[in-house]
Amino acid sequence: MIYMFIALAVVCDEFFVPSLTVITEKLMISDDVAGATFMAAGGSAPELFTSLIGVFISHSNVGIGTIVGSAVFNILFVIGMCAIFSKEVLNLTWWPLFRDVSFYILGLIMLISFFLDNYIQWWESLLLLSAYLTYVTFMKFNVQVESWVKRKLNRNKVVKVTSANSEGKVGCV
């Protein structure tokens, strides 16, 4: 298993990340959007194929466990390891976390409600795919939406302004 992790790290470092860099530069996509779409799709490809093989070839229920387990692994383990081994302090803002968690919670609510009868109907599949396409579209306009939300949140914010008066003392205006 250790050899597989090392091999996967080498393949990702030497081929996957440089390929994504070229794709995002050619399409003029920001790093945030590339990470949430192309990088996420590339990182989730093993779960996709494991689920497809589990459902259609071995007829087992490994698919949902693989997907949900992978999400928990990515959220807890991968973020923790990145923070531990980072050479610098990771400066994070609230917006990407809020944005992605909002879509993630919406997706989980949809998934839970669709799984209540233990079947996924074709229209439920279309809704799940539409939700992802909505997320990708949202990510295309992420910068504009973020600035709009921040403007709305900060419009009634009280700012304390100080100035120096003639005696050199600082007071409130």
Side-chain angles (χ1 to χ4, degrees), residues 1-58 60-111 120 124-151 153:
M1 195 162 89
I2 292 172
Y3 290 131
M4 290 304 295
F5 276 123
I6 293 171
L8 186 61
V10 169
V11 168
C12 287
D13 191 39
E14 297 293 326
F15 299 104
F16 183 64
V17 174
S19 298
L20 283 180
T21 303
V22 170
I23 290 170
T24 56
E25 286 175 358
K26 296 246 185 226
L27 295 176
M28 293 180 286
I29 297 174
S30 69
D31 289 341
D32 195 25
V33 175
T37 54
F38 289 114
M39 187 68 89
S44 296
E47 292 97 39
L48 171 65
F49 291 111
T50 302
S51 298
L52 289 174
I53 290 169
V55 170
F56 295 113
I57 295 175
S58 69
S60 70
N61 199 15
V62 73
I64 190 67
T66 301
I67 295 166
V68 175
S70 171
V72 171
F73 179 80
N74 287 337
I75 290 170
L76 301 176
F77 186 81
V78 173
I79 292 174
M81 291 299 284
C82 289
I84 286 174
F85 291 107
S86 177
K87 290 182 173 43
E88 57 192 47
V89 175
L90 296 176
N91 294 318
L92 304 175
T93 61
W94 66 272
W95 175 253
L97 180 67
F98 173 77
R99 175 199 66 214
D100 293 344
V101 166
S102 298
F103 275 98
Y104 189 64
I105 288 171
L106 176 67
L108 286 177
I109 289 170
M110 289 174 67
L111 191 63
I120 297 288
E124 295 170 332
S125 298
L126 284 178
L127 283 175
L128 290 169
L129 291 172
S130 298
Y132 182 71
L133 292 176
T134 302
Y135 175 68
V136 171
T137 304
F138 184 90
M139 289 304 296
K140 176 68 178 156
F141 302 102
N142 176 51
V143 174
Q144 293 91 338
V145 174
E146 178 182 5
S147 63
W148 180 82
V149 168
K150 287 182 177 178
R151 270 196 322 271
L153 290 175

Using distance only, find each side-chain donor-acceptor pair of residues 13-23 under 3.5 Å and give its atom names and separation, not counting sequence neighbours.
residue	atom	partner	partner atom	Å
S19	OG	F15	O	2.7
T21	OG1	V17	O	2.8

Which pairs would a plain distance check flag for residues 72-88, meaning a side-chain donor or acceptor within less than 3.5 Å of a matching protein atom at least two apart in sequence or in another chain?
residue	atom	partner	partner atom	Å
N74	ND2	S70	O	3.3
S86	OG	E88	N	3.3
S86	OG	E88	O	2.7

Mind running side-chain contact (heavy atoms from CB on, under 4.5 Å) on F49 and L52 for me, showing each step along the way?
CA-CA 5 Å; F49 291 111; L52 289 174; 4.2 Å; yes

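To the nearest 0.5 angstrom, L27 atom CG is 8.5 Å from K140 atom NZ. The CG atom of L129 lies 6.5 Å from the OG atom of S125; values are rounded to the nearest 0.5 Å. For the atom pair CG (L128) and CD1 (I120), the distance works out to 6.0 Å, reported to the nearest 0.5 Å.
Considering only residues two or more places apart in sequence or on other chains, K150 meets the salt bridge (Lys or Arg N to Asp or Glu O under 4.0 Å) condition with E146. In this structure E124 satisfies the salt bridge (Lys or Arg N to Asp or Glu O under 4.0 Å) test with no other residue, sequence neighbours excluded. Looking at residues two or more places apart in sequence or on another chain, you find a ring pair (Phe, Tyr, Trp, His ring centres under 6.0 Å) between F103 and Y135, F138.
Contact annotation: the side chain of T137 approaches that of F141 to within less than 4.5 Å [non-hydrogen atoms, C-beta and beyond]. At a threshold of 4.5 Å between non-hydrogen side-chain atoms, the residues Y3 and L8 do not count as touching.
Listed by first and then second residue, the salt bridge (charged side-chain N to carboxylate O under 4.0 Å, His left out) pairs involving residues 92-107 are D32-R99 (not counting sequence neighbours).
Within a 6.0 Å radius of CZ in F98, no more than 12 heavy atoms belonging to other residues, nucleotides or ligands are found.
Judged by distance alone, the side chain of S147 and the main-chain N or O of Q144 form a donor-acceptor pair under 3.5 Å.
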